Visitor: 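Here it is, the structure in full.
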2 protein chains.
Amino acid sequence: MNSDFTLAIHSLTFLALQRDRMSTSDAISESAGVHPVRIRKVLSLLKKHGFIKSKEGTGGGFIFTLDLSEVNLWDIYRITSEGALQPKCPDSNKNCIVGANMKRVLFTIFLGAEEHLGEFLKNYTIKEVIDLVNQEQNSSCD
Amino acid sequence: MNSDFTLAIHSLTFLALQRDRMSTSDAISESAGVHPVRIRKVLSLLKKHGFIKSKEGTGGGFIFTLDLSEVNLWDIYRITSEGALQPKCPDSNKNCIVGANMKRVLFTIFLGAEEHLGEFLKNYTIKEVIDLVNQEQNSSCD
DNA sequence: ATATAATGTAATATTAAATATTACAGTTTA
DNA sequence: TAAACTGTAATATTTAATATTACATTATAT
């Protein structure tokens, strides 16, 4: 799995804490520690699905307009990483009953696993993530 | 995630269908379509945990001695891939509340996600996998 | 009008991870 | 004692993830 999923979570959380103004891909990339072009790619997916809005030009950037509880991690997972749990099986031997069928069997099992994972991820909205971030912040002793 | 998990499932299923004799890493690798050395590496983990036995020398190989229902996919996952769900977060900006805490928040969430996944994987023992392989075999029209 | 600051996206380069290969020591059998 | 295996480390290759460059497009401010 690539880290588009976690980058999307990071970006949305960042935007959710700045809902009064637009944030640039540069600012987000600095927070997340990755290249701004990657941020733009991930955010372009989120925009396509209506989670954020963007504006070009001076003073432009990205902004999160929905309610914090309206977006959960399963939504984000599906947009950025659906199918990522599926193992990449090499082509196996068709003359062996195991080789001939294992790929499809595993596909079915992992499809179920992903759905099951979804039930867990639905429990976390951006609001919950922000709460957890704040908790971590408060419990750190600097 | 690498494919050690699925290779382990493939190997155990293969062995489970040959419980009267030993199978060589060459035979398994031919069924799975990967290099025999990889099979030996994965099986060496499974051996360490008591799922299979091995024997060196002529006529040697690997053999699965437990009951087919004694081993489930969660057992195998833990041995081969524990922690694989965890995203590899780049070091993010400590001066930003999101950057400073997101890594730990995600770690916590993904730890829960893995446990949750475990509950699903426990439903599949090698017996169930064999049943699915047979079903696939029977439903294919050659 | 025009310079500037932003997004959008494709193309390419680089880095990191997964996998394959080689090599060889140790074991068992014939 | 030769042959057929496992066990495992070291290295090479391939593939996937990420970064970088480049540039078109859009909006703002002067």
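The sequence lines fix the lettering, A, B, ..., with proteins before strands; numbering per chain opens at 1. Note that this is a predicted model, so its numbers are computed, not measured.
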Visitor: Under 4.0 Å between a side-chain nitrogen and a carboxylate oxygen: does that hold for B:Lys41 and B:Asp4?
Guide: no
Visitor: Given atom CG of A:Leu46 and atom P of C:dT7, what is their separation to the nearest angstrom?
Guide: 14 Å
Visitor: Does OP1 or OP2 of C:dA6 have a side-chain N or O of A:Ser54 closer than 4.0 Å?
Guide: no
Visitor: How would you summarise protein contacts on nucleotides 18-30 of chain D per nucleotide, using B for base, S for sugar-phosphate only and - for none, with heavy-atom distances below 4.0 Å?
Guide: SSBB---BBBB--
Visitor: Tell me if the NZ atom of B:Lys94 is crowded by more than 12 foreign heavy atoms within 6.0 Å.
Guide: yes
Visitor: Rounded off to whole Å, could you give me the CD1-to-P distance for the A:Ile28 and C:dG8 pair?
Guide: 11 Å
Visitor: Counting only non-hydrogen atoms, which of residues 8-27 of chain B are less than 4.0 Å from DNA chain C?
Guide: none
Visitor: Passes side-chain hydrogen bond (donor to acceptor under 3.5 Å, both in side chains), B:Ser54 versus B:Lys47? Steps please.
Guide: CA-CA 7 Å; B:Ser54 74; B:Lys47 183 190 173 183; 3.0 Å; yes
Visitor: Rounding to a whole Å, what distance do you find between A:Phe5:CZ and D:dA17:P?
Guide: 16 Å
Visitor: Any donor-acceptor pair under 3.5 Å linking the side chain of B:Asn138 with the backbone of B:Asn134?
Guide: yes
Visitor: Taking only residues at least two apart or on different chains, which pairs with a member in residues 51-76 of chain A satisfy ring-ring contact (aromatic ring centres under 6.0 Å, His included)?
Guide: A:Trp74-A:Tyr77
Visitor: Within this structure, what is the CZ-to-C1' distance between A:Phe62 and C:dA6, rounded to whole angstrom?
Guide: 9 Å
Visitor: Whole-Å distance between D:dT6 C1' and B:Lys53 NZ?
Guide: 17 Å
Visitor: With sugar-phosphate meaning primed atoms plus P, OP1 and OP2, does B:Lys47 contact a base, only sugar-phosphate, or nothing at under 4.0 Å between heavy atoms?
Guide: sugar-phosphate
Visitor: With under 30° as parallel and over 60° as perpendicular, where do the rings of A:Phe120 and B:His116 fit, or are they tilted in between?
Guide: tilted
